[in-house]
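One structure is given here, and the rest of the page talks about it.
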Amino acid sequence: AAVLNGVTEFNAVIDALADGGVVLGAAVRPVPVRNQMALADVRSRWIEYRDKIIIALQNAGQAPVDRVMDPTELRHQMALRATRLLHASERLVDAIVKDLQQQQQMAVFWMHLSATGIVLYFSALLWFVWRRINRPLQLLGEGMHRLSAGDYQLHMQYPRHDDMGRLIEALNNSAQHFGAMLHELEYSHASLSRAENMFRGMAE
């Protein structure tokens, strides 16, 4: 009974590998099409071995007798077919393991690709923040420092298509306006000094 139960279980395993299903408490997916030939070889070797098992049970009086073989010859043929089944099963397992390794390698590849994409995304984001926020603030700070130091000829280069660009342009214009006012004030002061000197000379 134990041997027949094992035969039934092995049949169920091969069927699950071919079509998918639950066997021995485990959910089994069908093997890929590229491994179906290896599975077919296992099935063929299993059928040969299973036939010898049934004959052995018949010889032992555990099954209805259809044919009887010499025990020595039967053991030899069972060993030969068991070896063939083992080799076919190993080839199938190797193919399945190879598929799993390829899937794992692809998963690792996509994981690395995703990580690289994330790094590039955040690098671009940091560059954007530096370009659009940090750099303009640095330019504004530098411009205010130069303006407070009396440099009214400053002209900071920055694209004018956003609010920061317009703010920097306004600072440039203010510096030029202050420079023009200072130049006019200095000219007026010089003119006033000349007029004062002229009237003092006339008074004298």
Side-chain angles (χ1 to χ4, degrees), residues 1-138 159 162:
V3 174
L4 292 176
N5 185 59
V7 168
T8 301
E9 289 181 350
F10 204 95
N11 286 331
V13 169
I14 292 181
D15 291 340
L17 288 173
D19 304 321
V22 178
V23 61
L24 302 180
V28 180
R29 290 184 298 177
V31 298
V33 175
R34 56 183 172 275
N35 295 331
Q36 288 291 338
M37 283 187 76
L39 179 60
D41 187 36
V42 171
R43 186 188 294 274
S44 174
R45 300 303 179 185
W46 162 243
I47 291 173
E48 293 176 354
Y49 181 53
R50 184 185 61 191
D51 288 346
K52 298 306 175 185
I53 292 175
I54 298 302
I55 293 175
L57 291 175
Q58 292 172 349
N59 283 0
Q62 300 298 320
V65 177
D66 290 332
R67 44 185 171 166
V68 178
M69 292 184 62
D70 176 66
T72 303
E73 177 63 19
L74 179 60
R75 283 195 298 269
H76 172 71
Q77 291 191 14
M78 288 186 67
L80 178 63
R81 284 159 175 73
T83 301
R84 291 175 179 173
L85 174 61
L86 177 61
H87 291 165
S89 300
E90 288 175 345
R91 287 191 294 271
L92 176 61
V93 170
D94 288 343
I96 293 174
V97 169
K98 184 178 179 180
D99 280 346
L100 292 175
Q101 290 174 342
Q102 290 176 348
Q103 292 175 12
Q104 183 181 25
Q105 290 173 355
M106 287 300 298
V108 170
F109 169 77
W110 284 111
M111 183 180 66
H112 288 168
L113 188 63
S114 299
T116 303
I118 291 173
V119 169
L120 291 176
Y121 171 77
F122 279 105
S123 298
L125 183 61
L126 289 175
W127 178 85
F128 178 81
V129 170
W130 179 86
R131 178 74 176 173
R132 291 298 184 88
I133 299 176
N134 191 45
R135 178 59 180 162
L137 290 177
Q138 288 179 350
D162 60 1

ring-ring contact (aromatic ring centres under 6.0 Å, His included) contacts in which one or both residues fall within residues 12-37, not counting sequence neighbours: none
If you apply the rule side chain to side chain contact (heavy atoms under 4.5 Å, CB included), what do you find for Arg75 with Thr72, and how did you get there? CA-CA 5 Å; Arg75 283 195 298 269; Thr72 303; 3.6 Å; yes
Residues, nucleotides or ligands: over 12 heavy atoms within 6.0 Å of Gln102 CD: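 Atom CD in Gln102 is crowded, with more than 12 foreign heavy atoms closer than 6.0 Å.
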Is the side chain of Thr83 donor-acceptor paired with the backbone N or O of Ala79 at a distance under 3.5 Å, no angle test?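 It does hold such a pair.
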Mark yes or no for whether Asn5, through its side chain, and Ala1, through its backbone, hold a donor-acceptor pair below 3.5 Å. no
Worked check of side chain to side chain contact (heavy atoms under 4.5 Å, CB included) between Glu90 and Leu86: CA-CA 6 Å; Glu90 288 175 345; Leu86 177 61; 3.9 Å; yes
Would you check if [X] and [Y] make a side-chain contact, meaning some heavy-atom pair closer than 4.5 Å?
X	Y	result
Leu39	Gln36	yes
Tyr49	Val7	no
Ile53	Phe10	no
Arg43	Ile47	yes

Evaluate the criterion side chain to side chain donor-acceptor pair (under 3.5 Å) for residue pair Gln105 and Gln101; output intermediate values, then yes/no. CA-CA 6 Å; Gln105 290 173 355; Gln101 290 174 342; 5.8 Å; no
When rounded to the nearest 0.5 angstrom, what is the spacing between NZ in Lys52 and CE in Met78? 9.5 Å
Nearest 0.5 Å, what's the OG-CD1 distance between Ser44 and Ile14?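 The distance works out to 10.0 Å.
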Not counting sequence neighbours, list each pair that qualifies as a salt bridge (Lys or Arg N to Asp or Glu O under 4.0 Å) and has a residue in residues 91-103.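 Listed by first then second residue: Arg34-Asp99, Asp41-Arg91.
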Before giving the answer on side chain to side chain contact (heavy atoms under 4.5 Å, CB included), spell out for Leu4 and Ile54 the whole-Å C-alpha distance, their side-chain angles and the decisive distance to 0.1 Å. CA-CA 9 Å; Leu4 292 176; Ile54 298 302; 4.2 Å; yes
Can I get a per-line list of side-chain donor-acceptor pairs under 3.5 Å for residues 107-124, giving both atom names and the distance, sequence neighbours left out?
from, atom 1, to, atom 2, distance (Å)
Ser114, OG, Trp110, O, 2.8
Thr116, OG1, His112, O, 2.8
Ser123, OG, Val119, O, 2.7

Heavy-atom closest contact (Arg81 atom, Glu48 atom, distance): CD-O, 3.6 Å
Minimal heavy-atom distance between Asn35 and Leu92, with the atoms involved, is O-CD1, 4.0 Å
Pair Arg50, Asn11 - check side chain to side chain contact (heavy atoms under 4.5 Å, CB included), show working. CA-CA 10 Å; Arg50 184 185 61 191; Asn11 286 331; 3.1 Å; yes
Which of these, Val28, Val23, Thr8, sits in a side-chain contact (heavy atoms from CB on, under 4.5 Å) with Val13? Val23
